[in-house]
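For reference, the structure is listed below as structure tokens.
As a basis for the values below, the full set of heavy atoms in this structure was taken, side chains included, without hydrogen atoms, waters or symmetry mates.
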Protein chains: 2
Amino acid sequence: MGFSNLDQEDLKELSRRTGQACVGFNLRKASRLLMRLYDEAFEPLGLKGTQFSLLMAVVGNNGAAIGELAQPLGMERSTLSRNITVLQKKGLVTVEEGEDRRQQRISITDSGVSVLQKAQPLWQGVQERLACELGEERIKNLLEDLKSLSQLFKGK
Amino acid sequence: MGFSNLDQEDLKELSRRTGQACVGFNLRKASRLLMRLYDEAFEPLGLKGTQFSLLMAVVGNNGAAIGELAQPLGMERSTLSRNITVLQKKGLVTVEEGEDRRQQRISITDSGVSVLQKAQPLWQGVQERLACELGEERIKNLLEDLKSLSQLFKGK
DNA sequence: TATCAATGTGTGTATATACTTATATTAAAG
DNA sequence: CTTTAATATAAGTATATACACACATTGATA
């Protein structure tokens, strides 16, 4: 039916409804806020929440190439390439040419393992705080829904 | 009990469990993937998903200052300041000094309204696709959970 | 084997994000 | 009314993110 005659009030109402219903907006907003909590928690280690996640992914796929790592993270390979460089500069991972000399294989360093060990209880702290404030059940459902959502993009 | 004797297998298992349970990681992963879908949908308008959200927020708070807008978005004011500049360069919003000359008041332009009108059905398309693939009920629960999560940071 | 297509990464460019610091303006104290 | 504290924003710096493109390497084909 078009919007040709939308006045200020109509636009305001449209904005309100869209903000309430938009999955992307609410996902991003929650993400912004939550990541600050993680960043705060890991701050004593000089680590960001995103870097903790990535280091965890590296150790779970030790020696994997960029492209192989990017897949399960749902991340562009070029993005991952840059993020890995950050961990490398911190001395947490090493990057080595594979047998296939196009590939760069990523491995965690001893220092990386050490940081991960110190980070784990900090992560646990955030996790428990969330479970406490939102309830275990709600967290469980949220995780399921998020995984279903990610699953939709499996092929891409 | 410490991790002093963690071997490769233990680390791999730790990584797997953490990846499964971490709210931040799964939130971010879903966010990354989903935002690409929005970006694709809005591409004909030269708009990103984030920019659509922001433009919607502007029109819902027309004439608000940066700080007033940042609050409901859960965004840093400095971040919002930069994001607004992008919309301004596209001619979608105007920035004007307020009576309090420290404030910059943001308003949508006619061009901005026009783009929003064209964007709305594209947004609706994504929304319906999600509802179709995940189910209305699941989307509803997900939105509720995300809002509860954001609510935790209300004071900050 | 020489050529060409496919693959794996990195770089250029743009945006999103936050924290810290600088600047300007208002409000409060004296 | 002057000094000082509080507030609003922007700019500096760093990271996260993606897309398009360039480059190198491998694999396939003629």
Side-chain angles (χ1 to χ4, degrees), chain A residues 24-25 27-40 42-43 46-55 57 64-71 73-90 92 95-106 153 156, chain B residues 24-25 27-40 42-43 46-55 57 64-71 73-90 92 95-106 153 156:
Chain A
F25 169 68
L27 202 55
R28 246 182 128 76
K29 176 175 172 184
S31 188
R32 270 195 299 270
L33 293 165
L34 182 57
M35 290 319 285
R36 280 190 258 177
L37 190 60
Y38 284 100
D39 288 351
E40 202 179 314
F42 294 128
E43 192 273 336
L47 211 61
K48 302 288 197 71
T50 49
Q51 297 167 358
F52 170 77
S53 291
L54 181 50
L55 198 53
I66 298 279
E68 295 164 351
L69 254 181
Q71 226 286 317
L73 295 173
M75 201 179 280
E76 277 298 309
R77 289 166 310 171
S78 61
T79 300
L80 182 55
S81 178
R82 285 194 161 98
N83 293 357
I84 285 292
T85 302
V86 175
L87 295 188
Q88 187 188 18
K89 280 194 291 193
K90 287 175 187 281
L92 305 178
V95 179
E96 290 170 316
E97 208 172 56
E99 322 87 63
D100 180 335
R101 280 158 46 212
R102 289 171 299 188
Q103 293 186 332
Q104 298 290 306
R105 302 205 161 274
I106 317 300
F153 304 91
K156 310 196 75 174
Chain B
F25 169 68
L27 203 53
R28 245 183 129 77
K29 177 176 172 184
S31 188
R32 269 194 299 269
L33 292 166
L34 182 57
M35 289 319 286
R36 280 189 259 177
L37 190 59
Y38 284 100
D39 288 352
E40 201 178 316
F42 294 127
E43 191 273 336
L47 212 62
K48 301 287 197 72
T50 49
Q51 297 167 357
F52 170 77
S53 292
L54 181 50
L55 198 53
I66 298 278
E68 294 163 351
L69 256 182
Q71 226 285 320
L73 295 174
M75 201 179 280
E76 277 298 309
R77 290 166 309 170
S78 61
T79 300
L80 182 55
S81 178
R82 286 195 159 98
N83 293 357
I84 285 292
T85 302
V86 175
L87 296 187
Q88 188 188 18
K89 280 193 291 191
K90 287 175 189 280
L92 306 178
V95 180
E96 291 170 315
E97 209 173 54
E99 322 88 63
D100 181 335
R101 279 160 45 213
R102 288 171 299 186
Q103 293 184 331
Q104 298 288 308
R105 302 205 162 274
I106 317 301
F153 303 93
K156 307 198 75 176

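- Heavy atoms of B/R82 sit under 4.0 angstrom from at least one base atom.
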- Run the numbers on A/E97 and A/Q104 for side-chain contact (heavy atoms from CB on, under 4.5 Å), then give the verdict. CA-CA 5 Å; A/E97 208 172 56; A/Q104 298 290 306; 4.1 Å; yes
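- Under 4.0 angstrom from either OP1 or OP2 of C/dA16 there lies at least one side-chain N or O belonging to B/Q51.
- A distance-only check finds a donor-acceptor pair linking the side chain of A/D39 to the backbone of A/G49 [under 3.5 Å].
- Here the P atom of nucleotide D/dT15 and the CD atom of A/Q88 are 13 Å apart, to the nearest Å.
- Phosphate contact (OP1/OP2 of D/dT17, side-chain N/O of A/N83, threshold under 4.0 Å): present.
- If you measure from atom CZ of B/R77 to atom P of C/dT17, you get 16 Å, rounded to the nearest angstrom.
- Within the nucleic acid shown, B/M75 comes within 4.0 Å of sugar-phosphate atoms alone, with no base atom in reach, counting heavy atoms only.
- A/T50 comes within 4.0 angstrom of the backbone, heavy atoms only, and of no base.
- Interatomic distance, B/T50 OG1 to B/L73 CG, rounded to the nearest 0.5 Å: 11.5 Å.
- Along DNA chain D, the nucleotide closest to A/K48 and the one closest to B/Q104 are compared, and the more 5′ of them pairs with B/Q104.
- OP1 or OP2 of D/dA10 sits under 4.0 Å from a side-chain N or O of B/S81.
- Side chains of B/L92 and B/L47 form a contact here, defined as non-hydrogen atoms less than 4.5 Å apart.
- Straight-line distance from the CG atom of A/L80 to the C1' atom of D/dA16: 11 Å, rounded to whole Å.
- As a whole-Å value, the separation of B/K90 NZ from C/dA14 P is 11 Å.
- Put simply, CD1 on A/I84 is 14 Å from C1' on C/dG10, counting in whole angstrom units.
- Taking only side-chain nitrogens and oxygens, B/T79 comes nearer than 4.0 Å to OP1 or OP2 of C/dA18.
- Here C/dT17 presents its P atom at 8 Å from CE of B/M35, a figure rounded to the nearest Å.
- How far CD of B/E68 is from CG of B/L80: 11.0 Å, rounded to the nearest 0.5 Å.
- Expressed to the nearest 0.5 Å, how far OG of A/S53 lies from CE of A/M35 amounts to 5.5 Å.
- For residues 76-90 of chain A, the pairs satisfying side-chain hydrogen bond (donor to acceptor under 3.5 Å, both in side chains) are A/E76-B/R36, with sequence neighbours left out.
- Whole-Å rounding puts the A/L27 CG to C/dT17 P distance at 12 Å.
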- Reading nucleotides 21-28 of chain C 5' to 3', which nucleotides get B (base under 4.0 Å from a protein heavy atom), which S (sugar-phosphate only), which -? ---BBS--
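- Here CG of A/L37 is found 9.5 Å from CZ of A/F42. Values are rounded to the nearest 0.5 Å.
- Among D/dC19, D/dT9, C/dA16, the nucleotide with an atom closest to any side-chain atom of B/R36 is D/dC19.
- Each of A/S78 and B/S78 lies near DNA chain C, and the nucleotide nearest A/S78 is the one positioned closer to the 5' end.
- Rounding to whole angstrom units, CD of residue B/Q103 and C1' of D/dA6 are separated by 14 Å.
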